[in-house]
There are 2 protein chains.
Amino acid sequence: MEPVTLIGLAAGFCTTIAFLPQVLHTWKTKSAKDLSLGMYSIFCTGVVLWLVYGIVVKDIPLILANGITMVLALIILYFKLTFKD
Amino acid sequence: MEPVTLIGLAAGFCTTIAFLPQVLHTWKTKSAKDLSLGMYSIFCTGVVLWLVYGIVVKDIPLILANGITMVLALIILYFKLTFKD
């Protein structure tokens, strides 16, 4: 595998899995007042669009990465809307 | 422009600009305890790797989107480290 491909895979792994610690953090503290509703609304919209884009262009890495990110980001958005400030 | 390209551009716009409301939110409240340090550490690492990847493969949209996201995510990470819980 080319070194540049490894960099891309590491990049995708980090930006996808990064949302897991936030899910766990918010689940444990049951507090989401410092999270921006605007951020998670816009971000979830963007990730859904990336997923649609990946499906249309039939790009498996795009579909996988954005599928996982979408689930994690939607959980955080749900927490933001559920755990009242 | 192909409709699929428009979807990709809209997706990139959303996932890039999404971090701006979080920057403004945290700047206004001066509170970052609900933000996960793990998330922003891993996410910033990933975005820097995406930027390196974009530079190596000479992909202008990747460089632009991740350059902007990197600045915003690093500001949030700085806030997390600065605004004590």
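Predicted model, so just to flag it, every value in this text is computed and none were measured. Proteins come first, then strands; the chains are lettered A, B, ... in the order of their sequence lines, and each starts at number 1.
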Next on the checklist: Once side chain to side chain donor-acceptor pair (under 3.5 Å) is applied, what residue pairs with a partner in residues 47-61 of chain B remain, sequence neighbours excluded?
Outcome noted: A:Thr15-B:Trp50
Item to check | Minimal non-hydrogen separation, A:Lys33 against B:His25, with atom names | outcome: O-CE1, 3.1 Å
Side chains of residues 3-11 of chain A: which donor-acceptor pairs under 3.5 Å do they make with residues two or more places apart or in other chains?
none

Next on the checklist: Sub-4.5 Å heavy-atom contacts with chain B: which residues of residues 62-78 of chain A show up?
Outcome noted: none
Checklist entry - For chain B, which residues of residues 39-46 of chain A have at least one non-hydrogen atom nearer than 4.5 Å to it? => result A:Met39, A:Tyr40, A:Ile42, A:Phe43, A:Thr45, A:Gly46
Item to check | Whether A:Asp34 side chain and B:Leu35 backbone form a donor-acceptor pair below 3.5 Å | outcome: no
Checklist entry - With chain B, which of A:Gly38, A:Ser36, A:Gly54 has the greatest number of heavy-atom pairs at distances under 4.5 Å? => result A:Ser36
